[in-house]
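The block underneath contains the structure these notes are about, expressed in structure tokens.
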Amino acid sequence: MIWWSVSVAWSSPWVEAPGTVSLGVNVSSLSAQQQFAGGEAQGLIGPLCPEPIFGGQRMPFSCVNGGRFTQRQATLLTTVGLPGSVAVDVQLPVVSATFEDDIGETVALGLGDMRVTLRAGRQWGRGVIAATLLTQIPTGPGNFQDRDVPLGTGQFDIVPGVRWGFGDAWGWVEVWQSFAIRLRNPTTGVNLGDEWRPAALIGWTPWPTLGALGRVDALVALPDVDSFGIRIPGRSLLQARVAGFARPRSARAWFEVGVAVPLAGRRWPAAVQPYATVLTWLNR
């Protein structure tokens with residue numbers, strides 16, 4: 001329930017021109033002492049859990065000493081524009097994670113799962129629509145042992161989706177819809193539930209090179225099935241993001257700083273996550 005920390009994916013209905021290449025990095029930091037409980041009454045006891053805990057309520061990672069989950073992540077970003085209004089996005093995260101509870105502390109450091117997204121867009125007037133196909137490749141370790149903090153899932157995800165956007169000098173609006181088909185982990189037999197991932201974003205540009213972003217993300221997952229065939233209630237999340245950005249034209253770059261605020265969920269860390277993104281275009 002804890003290793004699915006939020007990360008920012010650089011993607012949009014707007015497709016880069018053929019031959020255009022952008023490089024960037026997104027960094028984020030999470031330090032959570034609470035999580036959104038999964039399922040119904042957890043049956044957990046301890047001095048920090050004096051009352052019954054129900055699904056969706058905030059609760060500590062440990063009812064004995066509180067516990068904590070921390071994660072630092074740097075995601076390398078690359079986008080390449082191809083002929084035919086097509087673009088390819090590649091994201092490769094490097095993750096450091098620590099989990100503490102009443103049993104002890106575990107630490108993990110390494111690559112997370114790589115994501116490769118193919119986008120094909122069509123523009124009309126000030127609007128654009130794009131079909132997307134994301135493939136998550138299990139490059140991160142995902143052993144799912146009791147005391148591990150997995151950095152990856154150990155399985156492939158196939159995520160078809162669609163994005164619509166409309167923009168003008170004042171800013172832009174985007175709406176995203178996607179559905180993650182999550183393939184069974186062949187090593188452990190774990191089958192993480194398929195996920196519906198809608199999002200809506202609005203960007204405001206009161207000045208040509210400075211602006212603000214607001215975004216709402218949701219995630220609703222079907223139940224997981226563990227290696228013993230036991231069904232576990234799926235994850236869910238509703239969160240808001242607020243950010244400021246700068247895009248100096250002479251530098252051909254994008255700078256963004258913001259926070260992701262979880263509003264409700266199940267089986268998800270309940271903590272604010274700051275993040276920053278830097279992008280540069282090599283030949284725009």
Side-chain angles (χ1 to χ4, degrees), residues 4-17 20 22 24 26 28 75 77 79-82 84-91 115-136 157-182 193-206 208 210-222 234-245 247 254 256-266 268 272-273 275 277 279:
W4 283 98
S5 171
V6 182
S7 63
V8 177
W10 173 258
S11 192
S12 158
W14 278 266
V15 176
E16 296 287 1
T20 302
S22 68
N26 166 262
S28 62
T75 302
L77 310 171
T79 297
V80 179
L82 303 176
S85 298
V86 175
V88 176
D89 305 310
V90 179
Q91 305 165 27
R115 295 183 175 188
V116 179
T117 303
L118 182 67
R119 291 180 288 137
R122 169 106 25 210
Q123 186 169 357
W124 74 95
R126 299 169 182 170
V128 63
I129 189 169
T132 64
L133 181 63
L134 182 151
T135 302
Q136 182 165 293
D157 291 353
I158 307 298
V159 190
V162 62
R163 294 192 172 109
W164 173 86
F166 174 87
D168 206 334
W170 53 267
W172 72 97
V173 175
E174 296 182 19
V175 178
W176 305 354
Q177 294 282 346
S178 63
F179 188 81
I181 302 167
R182 319 202 68 199
D194 295 343
E195 296 176 350
W196 177 47
R197 303 174 180 176
L201 179 150
I202 183 170
W204 179 49
T205 50
L210 296 173
L213 293 171
R215 176 173 160 181
V216 177
D217 299 274
L219 181 151
V220 181
L222 298 175
R235 303 179 304 147
S236 63
L237 175 68
L238 176 64
Q239 78 171 0
R241 304 177 195 255
V242 180
F245 67 87
R247 49 179 185 184
W254 174 283
E256 179 181 337
V257 178
V259 293
V261 182
L263 305 177
R266 294 194 180 198
W268 201 280
V272 174
Q273 183 177 33
Y275 67 87
T277 302
L279 287 168

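Checked against salt bridge (Lys or Arg N to Asp or Glu O under 4.0 Å), Asp194 has no partners two or more places apart in sequence or in another chain. Residues passing the side-chain contact (heavy atoms from CB on, under 4.5 Å) test with Val220 are Trp196, sequence neighbours excluded. Shown here are the side-chain contact (heavy atoms from CB on, under 4.5 Å) partners of Ala200, two or more places apart in sequence or in another chain: there are none. With sequence neighbours excluded, no residue forms a side-chain contact (heavy atoms from CB on, under 4.5 Å) with Ser85. Evaluation of the side-chain contact (heavy atoms from CB on, under 4.5 Å) rule for Val88 yields Leu82, Val90, Val116, Leu118 as partners, not counting sequence neighbours.
In this structure, Trp164 and Phe166 have parallel ring planes: the angle between them is below the 30° cut-off, well short of the 60° mark.
Considering every non-hydrogen atom in both Ala87 and Thr79, the closest pair reads CB-CG2, 4.4 Å. Scanning all heavy atoms of the two residues, the minimum distance from Trp254 to Leu213 falls at CZ2-CD1, 4.2 Å. When every heavy atom of Arg115 is checked against every heavy atom of Leu134, the shortest pair comes out as CD-CD1, 4.2 Å.
Side-chain contact check for Phe245 versus Thr205: some heavy-atom pair is nearer than 4.5 Å. Between Gln136 and Val159, every side-chain heavy-atom pair lies at or beyond the 4.5 Å cut-off. Between Ile158 and Thr135, the closest side-chain pair of non-hydrogen atoms falls below 4.5 Å.
Cation-pi geometry between Arg163 and Trp176 is met: under 6.0 angstrom from the ring centre, within 45 degrees of the axis.
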